[in-house]
Amino acid sequence: MSSPEIASLSWDHMKVKGCSTPYKDCKVWPGGSRAWDWCETGTDEHQITLEWVPPSTLDYVKKQGVDVRVFQTEQAVREYNALVGQGAKVGGVFYSTC
């Protein structure tokens, strides 16, 4: 199962290849994508700043053996798509207004 490429990114709008619905914020993983609901993680979108992920989230993911990279959104999309292009199984959480 491959990771879907992010087809486009603009302010408040993201398109993922293979998905007909655009997103504001989204999660992508090998085989799929969906909207990112801020409420599911108890995060207030106004608390998020560029290149910031709660340390507890990073620690948890790293303990699972996952290589974690945190970038500003445009750079994150470039890095993510480059890995997808190499055939890597990669996932991400993207916030289109940062």
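Keep in mind it's a predicted model, so treat the numbers as computed, not measured. Both backbone and side-chain heavy atoms feed into the values below; hydrogens, waters and symmetry mates do not.
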Side-chain donor or acceptor of Gln72 paired with backbone N/O of Glu74 under 3.5 Å: yes
Linked, directly or transitively: Val68 and Phe94 (ILVMFWY side chains, under 4.5 Å): no
Co-membership, hydrophobic cluster, residues Trp36 and Val16, 4.5 Å side-chain: no
Using 0.5 Å steps for rounding, measure from the [atom1] atom of [X] to the [atom2] atom of [Y].
{"X": "Ser8", "Y": "His13", "atom1": "OG", "atom2": "NE2", "result": "5.0 Å"}
{"X": "Asp12", "Y": "Lys24", "atom1": "CG", "atom2": "NZ", "result": "5.0 Å"}
{"X": "Lys15", "Y": "Thr21", "atom1": "NZ", "atom2": "OG1", "result": "7.0 Å"}

Under the side chain to side chain donor-acceptor pair (under 3.5 Å) test, residues paired with Ser33 that sit two or more places apart: Tyr23
Would you be so kind as to tabulate the donor-acceptor pairs closer than 3.5 Å made by side chains of residues 80-93, with sequence neighbours excluded?
unit_1, atom_1, unit_2, atom_2, d
Tyr80, OH, Pro4, O, 2.6
Asn81, OD1, Ile6, N, 2.9
Asn81, ND2, Ile6, O, 2.9

Beyond-backbone contact of Thr73 with Ser96, side-chain heavy atoms, under 4.5 angstrom: no
Student check: side-chain heavy atoms of Met1 and Trp29 closer than 4.5 Å: no
Where Gln75 and Phe71 come nearest, the two heavy atoms and their spacing: CG-CD2, 3.6 Å
